[in-house]
Amino acid sequence: MATRLPGAPALEREQLLDFLYQMLLIRRFEERSAEQYGRQKIGGFLHLYIGQEAVAVGAVAALSPEDYIVSHYREHGHALARGCDPKRVMAELFGREGGVSRGKGGSMHLFDKERHFLGGYAIVAGHLPIAVGLGLSGQYLGQDRIAVAFFGDGAVNEGAFHESLNLAAVWKVPVLFICENNQYAMGTEISRVSAETEVYKRALAYNLHAEQVDGMDVVAVYEATKRLAERARSGEGPMFLEAMTYRFRGHSMADPELYRSKEETQRWLGRDPIARLKDRLENADLLREEEYTDLDRRAREAVDEAVRWADASPPPPPEALWTDVYVGRGPVRGRDHA
Amino acid sequence: MATRLPGAPALEREQLLDFLYQMLLIRRFEERSAEQYGRQKIGGFLHLYIGQEAVAVGAVAALSPEDYIVSHYREHGHALARGCDPKRVMAELFGREGGVSRGKGGSMHLFDKERHFLGGYAIVAGHLPIAVGLGLSGQYLGQDRIAVAFFGDGAVNEGAFHESLNLAAVWKVPVLFICENNQYAMGTEISRVSAETEVYKRALAYNLHAEQVDGMDVVAVYEATKRLAERARSGEGPMFLEAMTYRFRGHSMADPELYRSKEETQRWLGRDPIARLKDRLENADLLREEEYTDLDRRAREAVDEAVRWADASPPPPPEALWTDVYVGRGPVRGRDHA
Amino acid sequence: MPEITYREAISQALQEELNADERVFLMGEDIGAYGGSYAVTKGFLEAYGEKRVRDTPISEEAIVGCAIGAAMGGLKPIAELMTINFSLLAMDQIVNNAAKILYMSGGQVPVPFVLRTVSGGGLQLGAQHSQSLESWYAQVPGLVVVAPATPYDAKGLLKSAIREPNPVLFVEHSLLYRVRGEVPEGDYTVPIGEADVKREGKDVTIVAYLRTLGLALEVADRLAREEGVEAEVVDLRTLRPLDLEPVFASVKKTNRAVIVEDAWQTGGLSGEIAGRIQDEVFDWLDAPVKRLNAPDVPMPYARNLEQLALPTADQLYDLVLETLQ
Amino acid sequence: MPEITYREAISQALQEELNADERVFLMGEDIGAYGGSYAVTKGFLEAYGEKRVRDTPISEEAIVGCAIGAAMGGLKPIAELMTINFSLLAMDQIVNNAAKILYMSGGQVPVPFVLRTVSGGGLQLGAQHSQSLESWYAQVPGLVVVAPATPYDAKGLLKSAIREPNPVLFVEHSLLYRVRGEVPEGDYTVPIGEADVKREGKDVTIVAYLRTLGLALEVADRLAREEGVEAEVVDLRTLRPLDLEPVFASVKKTNRAVIVEDAWQTGGLSGEIAGRIQDEVFDWLDAPVKRLNAPDVPMPYARNLEQLALPTADQLYDLVLETLQ
Ligand SMILES: Cc1ncc(C[n+]2csc(CCOP(=O)(O)OP(=O)(O)O)c2C)c(N)n1
Ligand SMILES: Cc1ncc(C[n+]2csc(CCOP(=O)(O)OP(=O)(O)O)c2C)c(N)n1
Ligand SMILES: [Mg+2]
Ligand SMILES: [Mg+2]
């Protein structure tokens, strides 16, 4: 059997298989989340990452575990890629005490401090200045550490995007902005709301390095991220990566998807990042069908286990309502009604 | 005597002399404002336009009187160039009933609806989306009318700048953004806070036409504005003009100007837009010394008259506190204490 | 009269006003191709076209600022902010521009437009998507703030808002869209600035608005049934200008008052109302004015915790009884 | 003890904390090369260098968001918003991020930073530059809001704020910078969350903070001189958490209360306080709790009108007498 992929000599077979496994894990995790949402085990908004797996997996693999990550509300993939325990992520979606945010955050607000996964945020682009601050802290303290922010094409039109990129550029903050351009913000196609549809070109206005990558190709994402992360780390200032991708499902579980055509979706399904890596590995003689089946089985089992574990985790105790409002400050007003 | 300026064949001598007169009017108006501020006839913040006269005069002359204008707090020049009565502008600075905003706005909030001068605004960049809306109203109603916004280099780093340019570009709104790049935002030099110091390049990110002009040359500003305004008017969407200029005085009356060198200021004083036009006209044999003296005398007289008139205008009646909070709604709460 | 939902009532008002006045147009995120995140404007893009139903970028500040400018230019914009949580991104435009331009211009420049938005929690949307922030806007001179709790009021007040010569924040509530009620077909208005007694009673006054109106009516029925207590329920409907005359009149009769509101207590409207009641009808009060607000915590996601983070009927019931002792 | 100004007291606190902890740094518009728009940080850039005294672009949202991130990364940022009017541009970061991250993360991620800003009118700065908006922030769970009125409290509270493990909005007042008072050299703190009786009295309680404290003390002196009335003056000092125990204790003694505040009335803190007083010490009240707020108008520019748009000593004097009748 071969050991390297043509065109990607730096990657060991092990790592490529791990990419495949992680993408499968995210895919199966999201499929089960949708199912559990239907059963009302999960409430609120649920934004699936299906179709975009190559971005989270490729990008996060290229980072150091010390690097900070922040993301938006479509962040299950980033959390899982960063190594957050699927059991605890699922428990968070269930609103249980065992959840990564102890049930208080929910699907849109996964936090795992130990893994420097500093949150999913639900205000579009609201986390971008936070990423700049995290990057600044590393720079200030002389740490060998960058901050990475994931966000969508819709976030690019917010003022916070603009202010963050400019501030990061002026201070040469080590931060990597990764825009997952899936071409829609809810039901709005990018060309209807962005004066420039190639997002990385908008980033060029801030005098920083920006480029585009095929977000359906995990190897390409990995390599681009690796390169840009190292440049940011070595003091070149902020970097910008636009990953061209597509969400295979609706914006959230409530989306009737009236705004895009079946044909378009079909076309993108043909570029499924999982199938693509699988084919490529098989063609290069790096993967056998039964190995793939085995990886997928492991992913499914991990997700089964996650669902079981989440369901066994109790809801947060009523007392949890009152904690974590402040550090080191007593009970808060309104408690008398409890 | 000649009738045209070499290099600017489209401009009649009359109009060139009017440019000169208007710049002188603004200059003298601002000098007297500073003096009146010292005498406490004027309160609050006072931001002088001295040094930047060519921008307001050249740009506003190139517009149709129906075009909307909005500006920031350094807007005396724009108001005077638009034809607002110097008496009523000075009265506004004095906080008198005869003021353009009836004494309720002050130096930073000059409004003259009749002249479609729709305000000075004191939140940096906060008026840019308003300009987009004004432009939209013209487009929507099929009027032959554009909106123009004046603002500074500091405004470019606000989220509102970004959102406004993008929205205007997406909807092809007829709006002309004029950035007066005087290279400082209060005490902060542009290169310390803007990732790209050539402001028009930042505007290019929105796929709109943007260019730079010498803001100390009234003829150049006039011609550039004329061209861009016509393009906006004819449906090409938003246009962006960066005028390179300099304020000869401090940011406001309180500014100790610790942040820039005497040499730098001296260099820019050598490019005084009034002296430059005067020299150019004289060299082209379009202006005699006594004509200039006469123009200046007229400007000084108009300002003297404005100060006298303003001082004779009474303060707003106490009753004015309660009016103009709402259209068509009765007295407001708190009135019982009056 | 036909029974329709709160959602349909709002949708009707919008359509009727779009039909009546060419200068009326809608702008906001996902109101067009997507049909509105709460489906209020479903089908509008097809019916009215891109000129009058304008999908915007995700740019809250520009949305509101552009609506202000368009209003100054003679249009009647109805802008939408998907939820009141996002209004914080546009707060500068609302507070520093919309509310002040008429005054700063010495009365020259009115800014008549409507800003629709959605308030409230209860759908497990988490801390950043579940706030009730309308009381902040109700503090601002120059703004009108409307908050209807029934389909009838929603349609009638929205029509008044669109015809109002001042900027209006029109606050809807996410848990009310499916509430049904009788709504006339065609044109009518409900006046802005008038509170409404939604249930008469002589023993205690309950003041409510938006979601808590339903709570108050439910509790009033239970009190009548279980305790023989007749509560009078006043629905504020407009938060600015705040019409407290019906509240004072009611308290003069009942001598007791309870205010119930989804917002956090400190700085919400309940304090203002309690403060005014005790000032204006001090001698009529037999007991302190009581208030029921959300506990002072960010909204938790977990369903069981979220239930604890909103005022409940049981809490209100107990508080009313406490007032009566 | 040396007598210094409020401005110097704040400046001292900043310098001492910068000296004490390498992780403390300042960021904001024109705090460096310009020396601070209220000259609080004059000379800091020269003394501490660009790393610790960071001039920013005019980007309020990024300033606050960046401070939040830096705090999450282990630094102790002191960010500055030139005035509270501009805080509206950063309100999303303050309310939706700073106040909620600890809670949303289930307690994992504290956000300890200080946001300094300047509130108030009275300098003829017009409608967009003269607001008192602190009560909005005082409504938000997760935030601490501090508002010192004297040089002593300013220095001591700022030191507490910098050492506080939670996000703190530190509100200064533009008319107080020249006020002088005794301030110890070197280190001391004033605890957050404790109101302070600034003058003892037995006849009536006046509750105030920031600029209105001076008003209250002036009026109290006049009342004593002219009417033999002894007013007790309580300075809130911290607006969140709001410490009303000293107010209740005072009203139990005086049986009368007046609250005076620069903010507009509806939704300000005065309603909350009046509502709480009448609830907690109802049986001790001999008269309704009175409130003096700014009239409900945008701030006019003209000097004569601006004087009418802020609570005055005369108004307060009259209102106290009214309460005593
Ligand atoms: C400030 C703000 N405005 C609006 C929303 C509602 N909203 C949630 S997701 C979304 C679309 C975002 O699209 P994009 O950034 O492309 O990310 P994607 O969902 O495609 O991953 C919108 C409008 C929000 N959460 N925050
Ligand atoms: C949102 C906001 N932030 C800060 C300020 C304070 N401020 C007033 S003017 C100014 C500098 C603006 O500079 P620039 O845009 O270059 O205009 P210039 O004064 O040079 O004409 C600042 C920071 C403000 N008014 N509004
Ligand atoms: Mg997208
Ligand atoms: Mg400038």
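Each chain gets a letter, A, B and so on, in the order its sequence line appears, and its residues count up from 1. This one's a predicted model, so the numbers in the text were calculated from it and none came from an experiment. Heavy atoms only: backbone and side chains are in, while hydrogens, waters and symmetry mates are out.
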By a 4.5 Å heavy-atom criterion (distance strictly below it), what part of Val173(A) contacts chain D: side chain, backbone, both, or neither?
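It is neither, since no heavy atom gets under 4.5 Å.
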If I measure from the heavy atoms of chain D, does Ile123(A) come under 4.5 Å with its side chain, its backbone, both, or neither?
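Ile123(A) touches chain D through side-chain heavy atoms alone.
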Exercise: do [X] and [Y] side chains pair donor with acceptor under 3.5 Å:
{"X": "Ser107(A)", "Y": "His47(A)", "value": "no"}
{"X": "His78(A)", "Y": "Ser71(A)", "value": "yes"}
{"X": "Ser64(A)", "Y": "Arg233(A)", "value": "no"}
{"X": "Glu75(A)", "Y": "His127(A)", "value": "no"}

Give the member of [options] that has the highest number of heavy-atom pairs under 4.5 Å with chain A.
{"options": "Val111(D), Ile192(D), Ile68(D)", "result": "Ile192(D)"}
{"options": "Ala70(D), Ser105(D), Gly73(D), Ala71(D)", "result": "Ser105(D)"}
{"options": "Leu143(D), Thr56(D), Ile63(D)", "result": "Leu143(D)"}
{"options": "Gly74(D), Pro112(D), Gly65(D), Pro110(D)", "result": "Gly65(D)"}

If you apply the rule salt bridge (charged side-chain N to carboxylate O under 4.0 Å, His left out), what do you find for Asp112(A) with Arg82(A), and how did you get there?
CA-CA 9 Å; Asp112(A) 189 344; Arg82(A) 175 40 73 103; over 6 Å; no
Summary of side chain to side chain donor-acceptor pair (under 3.5 Å) pairs that have at least one residue in residues 74-91 of chain D, sequence neighbours excluded:
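Found Glu80(D)-Arg116(D), Thr83(D)-Asn85(D), Asn85(D)-Gln131(D), Ser87(D)-Tyr137(D).
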With Asp30(D) via side chain to side chain contact (heavy atoms under 4.5 Å, CB included) - residues at least two apart:
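Per chain and number, Asp30(D) pairs via side chain to side chain contact (heavy atoms under 4.5 Å, CB included) with Met186(B), Thr188(B), Tyr34(D), Met82(D).
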Got a second to check how far Glu17(D)'s CD is from Ile78(D)'s CD1, nearest 0.5 Å?
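Result: 7.0 Å between the selected atoms.
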Between Gly159(A) and Glu61(D), which heavy-atom pair has the shortest distance, and what is it?
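Distance-wise, the nearest heavy atoms are C-OE1, 4.3 Å.
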Please state whether the side chain, the backbone, both or neither of [X] comes within less than 4.5 Å of a heavy atom of chain A.
{"X": "Pro141(D)", "value": "both"}
{"X": "Gln93(D)", "value": "side chain"}
{"X": "Val144(D)", "value": "both"}
{"X": "Leu89(D)", "value": "neither"}
{"X": "Glu60(D)", "value": "backbone"}

Does Tyr206(A) have any ring pair (Phe, Tyr, Trp, His ring centres under 6.0 Å) partners at least two apart in sequence or in another chain, and if so, which?
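Once residues adjacent in sequence are excluded, the partners of Tyr206(A) under the ring pair (Phe, Tyr, Trp, His ring centres under 6.0 Å) criterion are His162(A).
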Using a strict cut-off of less than 4.0 Å between a Lys/Arg side-chain nitrogen and an Asp/Glu carboxylate oxygen, indicate whether Asp21(D) and Arg23(D) qualify as a salt bridge.
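Yes, Asp21(D) and Arg23(D) are salt-bridged.
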Considering heavy atoms only, which positions within residues 133-150 of chain A lie below 4.5 Å of chain D?
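Within residues 133-150 of chain A, near chain D: Gly133(A), Leu134(A), Leu136(A), Ser137(A), Gln139(A), Tyr140(A), Leu141(A).
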Are Tyr121(A) and Phe111(A) close enough that their ring centers fall under 6.0 Å?
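For Tyr121(A) and Phe111(A), the ring centres are under 6.0 Å apart.
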Using a 4.5 angstrom heavy-atom cutoff, name the option from Gly120(A), Ala131(A), Ser164(A), Gly126(A) with the most pairs to chain D.
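The answer is Gly126(A).
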